[in-house]
Amino acid sequence: MITPEEIIRLASELPAYYAKRDVDFRQDESFFTKTFDIPMPKGKKPLMLPTGPMVVINGINHLSRSYPKCSMPRRADTDIAQRDAETISNFLNAMWYMLQSQRSKSLTRDALWYAFVRGPSVFKVLHDPNAWPSAPEEPVMPDGYDADVGEWAISSQAELDETLANFAQYEVDYEEWKQKQDDWQGEIETNLPFTIQVRDPMYVYPEPGVDPPSYVLEVYESTWAYIRKQWPEMSRIGDDQPNHFEGLKDQDKVRWVEYWDNEHFWYGIYHAKRGDLRKLDNWRQARPMQRHGWGFVPYVIWGGWSAPIDRPEHQYQSVYYAIRDLIPYECALFSQRAHIIRKYTWPTIKVKASRPNFKFKPDEGEINYFQEGEDATYMEWSSPLPILEIQLDSVEDYIAASTTPEVLRGTAKARSGYALAQQASLAQAFTTPFAIALAYAVQQVNERVLKLIDKVIKQPVRIWGKSGGEMVLAEVGPANIRGYYRNLVDVEVVLPVTRY
């Protein structure tokens with residue numbers, strides 16, 4: 001079993017190992033959010049074209065419009081196997097409907113955003129033992145409640161009165177228990193005893209060179225106030241000294257580290273003001289090394305565009321991989337065109353005036369009226385606009401060829417059915433790798449969920465959701481799963497040119 005000291009060493013070394021990956025992450029994210037500083041006559045002005053965001057948004061829109069469709073192949077050619085396969089299939093479909101419909105944002109949409117912008121995307125599956133409230137305790141039935149009157153061992157009127165009072169109180173307690181039981185059933189049918197999260201791959205560090213990894217570290221920052229509230233029992237590593245960082249303010253940032261492998265997990269906190277990252281005294285452990293016993297690493301790392309010639313941890317590429325140089329170039333050409341149009345609107349003027357303080361700057365709101373005898377002429381100027389338009393069109397065509405944004409927007413210019421079919425096939429070629437990768441990721445998540453129900457929760461889980469287009473109350477438990485976790489997932493791609 002790995003020790004906290006070894007985890008701390010990994011936490012100090014892995015970010016440096018993944019430094020190049022993180023630089024690429026930040027660069028690709030800039031294409032989605034960044035405004036480019038373009039040289040203009042009065043200095044630099046920010047310009048943001050919609051190309052960068054729309055390439056991502058259009059692709060996500062057509063991949064996240066439908067829920068993942070899950071099915072369970074039966075393990076044997078028997079009626080029981082067929083029934084279990086249908087039961088598990090209904091549960092998985094209802095689960096994804098519930099996960100998507102009870103959130104302000106779509107779970108798969110968030111995951112696809114990271115796959116498009118970062119390259120890799122990450123699901124995280126955790127058991128949540130506190131999601132279900134405790135079941136209400138059923139009242140104890142009085143002795144002789146179901147017996148015949150002649151069988152009661154009663155020797156006095158007082159004993160009879162007491163027995164009848166006990167029976168009456170039991171009736172009241174039982175009705176109250178039934179109401180609490182119904183409320184409890186409603187809660188467990190709308191709350192899952194596990195969580196499925198989408199994590200930013202920027203802060204996820206898997207085992208280098210191994211796919212799938214045998215361990216994963218997650219490192220990110222949080223405020224000291226949040227950490228102290230969530231983990232009041234945190235302690236130093238290896239001793240019993242005070243459990244807090246001296247001199248920290250609530251708003252100070254501390255580094256949160258999670259370690260997960262197939263059997264164990266560990267939570268730790270580090271603060272940079274304390275000094276060396278590798279020094280144990282500068283750390284606290286929020287959760288000492290513990291065994292979870294799930295039999296899997298809770299992280300599912302996947303991506304759409306991959307380059308198998310690279311190391312596994314660097315194999316996934318963002319959608320901007322092929323157009324990283326084209327977007328800034330398009331922005332520069334677009335700004336040049338805007339500058340030319342601006343100059344055409346306010347052409348350069350040569351003023352015939354003897355006054356030294358004469359000003360003619362209409363774009364800045366400074367205009368002096370001409371006096372008698374003063375005049376102005378336009379300077380000769382030739383526009384390179386046609387050449388610029390050709391360059392800009394060529395760059396936009398290259399971007400479209402790499403990402404097919406026009407087809408995904410539904411603004412295809414083709415007039416014939418054959419041309420539309422061709423463009424639809426190009427759009428399918430762009431989105432299919434992401435659809436296949438998302439289907440794989442959902443299938444891996446489903447396997448982890450079924451393992452949790454089968455090996456950890458060890459009791460049936462019931463949820464309301466949609467399966468096959470109908471609302472169902474789906475229930476699955478260890479008796480249905482019995483160690484069989486294989487499932488199939490399909491993600492449908494809906495494009496504007498293929499809908500009708």
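Between Ile323 and Ser402 the shortest heavy-atom distance is CG2-CB, 3.7 Å. Considering all non-hydrogen atoms of both residues, Pro73 and Ala85 come closest at C-CB, 4.3 Å. What you find for Arg324 and Phe31 is that their closest heavy atoms are O-CZ, 3.3 Å. Taking all atoms of both residues into account, the shortest heavy-atom contact from Tyr97 to Gly465 is CD2-CA, 3.7 Å. Glu475 and Pro460 make their closest contact through OE2-CB, 3.4 Å (heavy atoms, listed as atom of the first residue, atom of the second, distance). Here the closest heavy-atom approach between residue Pro298 and residue Asp261 is recorded as CD-O, 4.5 Å.
A 4.5 Å side-chain heavy-atom check between His292 and Trp260 finds at least one atom pair inside the cut-off. Between Val122 and Val198, every side-chain heavy-atom pair lies at or beyond the 4.5 Å cut-off. The closest side-chain heavy-atom distance from Arg255 to Val219 is below 4.5 Å. Residues Leu488 and Cys70 form no side-chain contact, since every pair of their non-hydrogen atoms from C-beta on lies 4.5 Å or further apart. Put simply, the side chain of Ser318 does not reach to within 4.5 Å of the side chain of Trp305, judged on heavy atoms. Two residues are said to be in side-chain contact when any heavy atoms from C-beta on lie closer than 4.5 Å; Lys455 and Trp294 fail this criterion. Contact check for Val445 versus Arg448: no side-chain heavy atoms found under the 4.5 Å cut-off. Between Val254 and Glu221, the closest side-chain pair of non-hydrogen atoms is not below 4.5 Å.
Judged by distance alone, the side chain of Tyr205 and the main-chain N or O of Pro15 form no donor-acceptor pair under 3.5 Å. Judged by distance alone, with hydrogens and angles left aside, the side-chain atoms of Asp173 form no donor-acceptor pair with the main-chain N or O of Glu171 at under 3.5 Å. Judged purely by atom type and a 3.5 angstrom limit, Tyr18 uses its side chain to pair as donor or acceptor with the backbone of Pro206. In this structure, the side chain of Tyr174 does not engage the main chain of Glu138 through any donor-acceptor pair within 3.5 Å. Looking at Arg118, its side chain never comes within 3.5 Å of a backbone N or O of Ala115 through a donor-acceptor pair. Between the Asn480 side chain and the Gly477 main chain, a donor and an acceptor come within less than 3.5 Å of each other. Here the side chain of Gln100 pairs a donor or acceptor atom with the backbone of Leu107 at under 3.5 angstrom. Within the 3.5 Å criterion, the main-chain N or O of Ile481 finds no donor-acceptor partner in the side chain of Asp454. Although no hydrogens or angles enter the test, the distance criterion places no donor-acceptor pair under 3.5 Å between the side chain of Glu13 and the main chain of Leu10. Without hydrogens or angle criteria, Asp200 side chain to Tyr203 main chain gives no donor-acceptor distance under 3.5 Å.
The side-chain contact (heavy atoms from CB on, under 4.5 Å) with Ser121 is formed by just one residue from the set Phe116, Phe434, Tyr316, Tyr114; it is Tyr114. Screening Ile457, Leu126, Val456 against Phe194 for a side-chain contact (heavy atoms from CB on, under 4.5 Å) leaves a single residue, Ile457.
The number of heavy-atom neighbours closer than 6.0 Å to CD of Glu137, taken from other residues, nucleotides and ligands shown, is 12 or below. The number of heavy atoms from other shown groups lying within 6.0 Å of CD1 (Ile80) does not exceed 12. Open room surrounds OH on Tyr226; 12 or fewer heavy atoms of other groups in view lie less than 6.0 Å from it. Counting heavy-atom neighbours within 6.0 Å of Tyr321 OH, excluding the residue itself, gives a total of 12 or less. When the shell of 6.0 Å around CG of Asp79 is examined, it contains 12 or fewer heavy atoms from other residues, nucleotides or ligands.
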- [ ] Please lay out, stage by stage, how Asn487 and Gln443 fare under the test side-chain contact (heavy atoms from CB on, under 4.5 Å).
- [x] CA-CA 6 Å; Asn487 65 98; Gln443 178 255 330; 3.5 Å; yes
TODO: Show your working on salt bridge (Lys or Arg N to Asp or Glu O under 4.0 Å) between Arg199 and Glu258 and close with a plain yes or no.
DONE: CA-CA 13 Å; Arg199 311 302 293 174; Glu258 295 183 29; 5.2 Å; no
TODO: Evaluate side-chain contact (heavy atoms from CB on, under 4.5 Å) for Arg109 paired with Asn61, printing each intermediate quantity in order.
DONE: CA-CA 8 Å; Arg109 187 179 182 85; Asn61 285 344; 2.8 Å; yes
TODO: Could you walk me through whether Ser214 and Glu207 pass the side-chain hydrogen bond (donor to acceptor under 3.5 Å, both in side chains) test, one step at a time?
DONE: CA-CA 7 Å; Ser214 62; Glu207 180 183 15; 2.5 Å; yes
- [ ] Might you work through the side-chain contact (heavy atoms from CB on, under 4.5 Å) test for Lys69 and Tyr67, ending with a clear yes or no?
- [x] CA-CA 6 Å; Lys69 296 178 181 178; Tyr67 300 110; over 6 Å; no
TODO: Please lay out, stage by stage, how Leu192 and Ile463 fare under the test side-chain contact (heavy atoms from CB on, under 4.5 Å).
DONE: CA-CA 8 Å; Leu192 295 171; Ile463 52 172; 3.1 Å; yes
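For Phe265 and Tyr259, the ring centers are positioned 6.0 Å apart or more. In this structure, Phe32 has its ring center closer than 6.0 angstrom to the ring center of Trp113. Aromatic ring centroids of Trp256 and Tyr270 lie 6.0 Å or more apart.
Under the 3.5 Å distance criterion, with hydrogens and angles disregarded, a donor-acceptor pair is assigned to the side chains of Gln179 and Asp183. Side-chain atoms of Asp211 and Gln315 form a donor-acceptor pair, as typed in the model, at a separation below 3.5 Å. For Glu218 and Tyr299, the side-chain atoms include at least one donor-acceptor pair closer than 3.5 Å.
Atom CD1 of Ile327 and atom OG1 of Thr403 lie 8.0 Å apart (nearest 0.5 Å). A distance of 11.5 Å separates CD of Glu86 from OG of Ser71, quoted to the nearest 0.5 Å. Note that the CD atom of Gln82 and the CZ atom of Arg74 stand 5.0 Å from one another [nearest 0.5 Å]. Rounded to the nearest 0.5 Å, atoms CD1 (Ile57) and CE (Met54) are 5.5 Å apart. For the atom pair CG of Asn446 and CD1 of Ile196, the computed distance is 7.5 Å after rounding to the nearest 0.5 Å. Annotation: the span from Gln444 atom CD to Phe296 atom CZ amounts to 11.0 Å, rounded to 0.5 Å.
The existence of a salt bridge linking Asp24 and Lys20 is confirmed by a sub-4.0 Å separation between a basic side-chain nitrogen and an acidic carboxylate oxygen.
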